[in-house]
Protein chains: 2
Amino acid sequence: MVIVEEQLKSMKQQMIAKGYKSTVQREATMRVLLEHERDHMSAEDVYMRVKERFPEIGLATVYRTLELLTELHLVEKMNFGDGVARFDLRSEGHEHMHHHMICSICGEVEEIQDDWLIELEQRVKREYGFNVSDHRLDFIGTFTSCKHGDCQRHGETA
Amino acid sequence: MVIVEEQLKSMKQQMIAKGYKSTVQREATMRVLLEHERDHMSAEDVYMRVKERFPEIGLATVYRTLELLTELHLVEKMNFGDGVARFDLRSEGHEHMHHHMICSICGEVEEIQDDWLIELEQRVKREYGFNVSDHRLDFIGTFTSCKHGDCQRHGETA
DNA sequence: TTTTAAATTAGAATGATTATAATTTAATAA
DNA sequence: TTATTAAATTATAATCATTCTAATTTAAAA
């Protein structure tokens with residue numbers, strides 16, 4: 001487990017290496033992302049959290065920073081069909097997005113950290129001549145625990 | 001291969017069976033969808049095509065019809081991260097969405113008709129207690145043919 | 001044919017995201 | 001250290017997809 005400061009340093013270096021500047025606003029945004037690694041925050045969510053500690057930041061800056069970090073593959077941009085893009089840090093060594101289980105009752109999103117698609121990606125290459133650089137796998141359904149109650153899992157991972 | 005009129009009739013029946021009314025606007029919209037089965041059209045795309053034959057239709061009606069058809073599982077609503085929802089008819093017997101290969105160079109979307117996830121869905125159930133009712137699997141990458149040229153595949157399936 | 005709830009229309013409203021113009025700042029080099 | 005300059009930020013306006021609203025029309029049931 002790498003501590004926040006170290007990861008932050010690494011992210012800044014990658015930013016500078018690609019010719020982008022390191023600014024306090026960007027640092028504040030990255031810090032928030034580091035502290036909410038698996039929260040699937042919307043840009044607005046991130047904005048509000050950053051604003052707590054850096055009240056003069058603008059929403060557009062947060063959007064631009066998230067866009068930049070996505071471009072650098074430091075965060076992943078997700079879309080669960082609710083009209084807002086969501087963002088999570090990409091954990092180190094995970095060049096691929098992880099998979100999601102989306103509960104159709106309570107909307108809860110849970111993650112599968114393993115990569116289950118290595119074999120299928122080879123198949124795609126073989127059968128379709130398509131070279132996969134990333135993937136997205138979401139399962140929609142219900143948790144057994146949801147079925148029998150009032151969505152006890154709701155908010156569990158939030 | 002079922003002819004358009006037959007499918008249309010079946011769709012209308014399902015609509016009525018669930019207590020919804022069959023209207024000329026809905027029929028016109030379904031007809032467009034039937035004639036563009038794998039085109040991944042946005043609501044705006046559908047609207048423009050319907051308007052050609054039914055100029056007095058409103059955009060909101062198309063939106064509502066697409067929403068209704070999605071609810072009835074007659075169309076699938078997709079999201080490729082470009083800010084617009086896209087819609088395709090669900091082919092009969094395919095209760096699951098099919099998979100997509102999205103070229104990161106030319107943006108072309110190609111489909112994989114098979115269901116490669118049956119085994120993984122059992123695994124999700126076993127390991128996470130999650131009952132899958134649907135899934136979404138997209139591969140992002142490049143077609144070998146794209147890599148070497150000026151995106152020859154672009155528009156091939158459009 | 002009458003009734004009535006549902007559907008449609010046109011247009012306004014909303015909400016997420018992006019663009020703009022003026023200002024500030026980070027990084028580079030003198 | 002200071003001057004320079006391109007990039008970044010701010011505040012706000014604009015845009016675009018989608019949804020809502022109120023008035024009107026229509027499909028289906030009686």
Side-chain angles (χ1 to χ4, degrees), chain A residues 8-9 11-32 40-51 53-72 74-87, chain B residues 8-9 11-32 40-51 53-72 74-87:
Chain A
L8 195 59
K9 193 176 155 194
M11 292 171 82
K12 283 206 253 181
Q13 281 172 345
Q14 289 181 65
M15 200 167 256
I16 289 165
K18 296 265 171 117
Y20 298 104
K21 291 179 181 169
S22 173
T23 69
V24 283
Q25 293 89 341
R26 283 176 180 173
E27 176 168 335
T29 305
M30 288 190 281
R31 218 175 263 283
V32 164
H40 307 303
M41 286 185 289
S42 67
E44 191 77 33
D45 292 337
V46 176
Y47 172 61
M48 287 192 303
R49 306 255 190 203
V50 179
K51 223 169 157 50
R53 285 184 250 158
F54 200 109
E56 62 273 40
I57 201 170
L59 177 58
T61 300
V62 172
Y63 267 101
R64 261 178 289 110
T65 301
L66 290 170
E67 193 190 346
L68 173 59
L69 292 170
T70 302
E71 209 179 295
L72 295 174
L74 292 172
V75 311
E76 56 184 63
K77 184 177 181 179
M78 288 159 288
N79 204 306
F80 298 125
D82 61 349
V84 288
R86 298 184 174 278
F87 302 84
Chain B
L8 195 59
K9 192 175 156 195
M11 292 171 82
K12 284 206 255 182
Q13 281 172 346
Q14 289 180 65
M15 199 168 258
I16 289 164
K18 295 267 170 112
Y20 299 102
K21 289 178 181 170
S22 174
T23 69
V24 283
Q25 293 90 338
R26 285 175 178 174
E27 176 168 336
T29 304
M30 290 189 281
R31 218 175 262 281
V32 164
H40 308 303
M41 285 187 288
S42 67
E44 191 77 34
D45 293 337
V46 176
Y47 173 61
M48 287 190 305
R49 306 256 189 203
V50 179
K51 221 169 158 52
R53 285 184 250 159
F54 199 109
E56 62 273 42
I57 200 169
L59 178 57
T61 300
V62 172
Y63 268 100
R64 258 178 290 109
T65 302
L66 290 170
E67 191 190 344
L68 174 60
L69 292 170
T70 302
E71 207 180 295
L72 296 174
L74 292 172
V75 311
E76 58 184 62
K77 185 177 180 178
M78 287 159 287
N79 203 306
F80 297 125
D82 61 348
V84 287
R86 298 184 174 278
F87 303 84

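Lettering follows sequence order; numbering is per chain, from 1. These values consider heavy atoms only, across backbone and side chains, with no hydrogens, waters or symmetry-generated copies.
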Take atom [atom1] of [X] and atom [atom2] of [N], then tell me their distance rounded to the nearest Å.
X        : N       : atom1 : atom2 : value
Glu44(A) : dT18(C) : CD    : C1'   : 14 Å
Leu66(A) : dT17(C) : CG    : P     : 10 Å
Asp45(A) : dG15(C) : CG    : P     : 15 Å
Tyr20(B) : dT8(C)  : OH    : C1'   : 16 Å
Asp82(B) : dA16(C) : CG    : P     : 18 Å
Asn79(A) : dA16(C) : CG    : P     : 13 Å
Tyr47(A) : dG15(C) : OH    : C1'   : 15 Å

**OP:** Report which part of the nucleic acid Gly19(B) touches: base, sugar-phosphate, or nothing (heavy-atom distance under 4.0 Å, all strands).
**Re:** nothing
Original post:
What is the nucleic acid contact for Ile57(A), judged by heavy atoms within less than 4.0 Å: base, sugar-phosphate only, or nothing?
Top reply: sugar-phosphate
**OP:** Between Thr65(A) and Ala43(B), name the one whose nearest nucleotide on DNA chain D is closer to the 5' end.
**Re:** Thr65(A)
**OP:** Return the 5'-most residue of the pair Ile16(B), Ala60(B) with respect to DNA chain D, ranking by each residue's nearest nucleotide.
**Re:** Ala60(B)
Original post:
Are any non-hydrogen side-chain atoms of Glu44(B) and Val84(B) less than 4.5 angstrom apart?
Top reply: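 No, side chains not in contact.
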Original post:
Given side chains that start at C-beta, do those of Leu69(A) and Met15(A) come closer than 4.5 Å, heavy atoms only?
Top reply: yes
Sequence neighbours left out, what passes side-chain hydrogen bond (donor to acceptor under 3.5 Å, both in side chains) with [X]? Give chain and number order.
X        : value
Gln14(B) : Ser10(B)
Thr61(A) : none
Glu71(B) : Tyr20(B)

Original post:
Is the number of heavy atoms from other residues, nucleotides or ligands under 6.0 Å of Lys77(A) NZ greater than 12?
Top reply: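 No - once you tally the heavy atoms of other residues, nucleotides and ligands closer than 6.0 Å, there are 12 at most.
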Subject >> Spatial distance of atom OG (Ser22(A)) from atom CE (Met11(A)) [nearest 0.5 Å] >> reply: 11.0 Å
Subject >> Separation between OG1 of Thr65(A) and CD of Glu67(A), rounded to the nearest 0.5 Å >> reply: 9.5 Å
For residues 23-31 of chain B, run the donor-acceptor check on the side chains, cut-off 3.5 Å, and write out each pair with its distance to 0.1 Å, sequence neighbours left out.
{"from": "Thr23(B)", "atom 1": "OG1", "to": "Arg26(B)", "atom 2": "N", "distance (Å)": "3.1"}
{"from": "Arg26(B)", "atom 1": "NH1", "to": "Lys21(B)", "atom 2": "O", "distance (Å)": "2.9"}
{"from": "Glu27(B)", "atom 1": "OE1", "to": "Lys12(B)", "atom 2": "NZ", "distance (Å)": "2.8"}
{"from": "Glu27(B)", "atom 1": "OE2", "to": "Arg31(B)", "atom 2": "NH2", "distance (Å)": "2.9"}
{"from": "Thr29(B)", "atom 1": "OG1", "to": "Gln25(B)", "atom 2": "O", "distance (Å)": "2.9"}
{"from": "Arg31(B)", "atom 1": "NH1", "to": "Glu5(B)", "atom 2": "OE2", "distance (Å)": "2.7"}

Subject >> First and last nucleotide of DNA chain D, 5' to 3', lying under 4.0 Å from heavy atoms of chain B >> reply: dA17(D) to dA28(D)
**OP:** Under 4.0 Å from any atom of DNA chain D, heavy atoms only: list the residues of residues 21-30 of chain A that qualify, in numerical order.
**Re:** Lys21(A), Thr23(A), Gln25(A), Arg26(A)
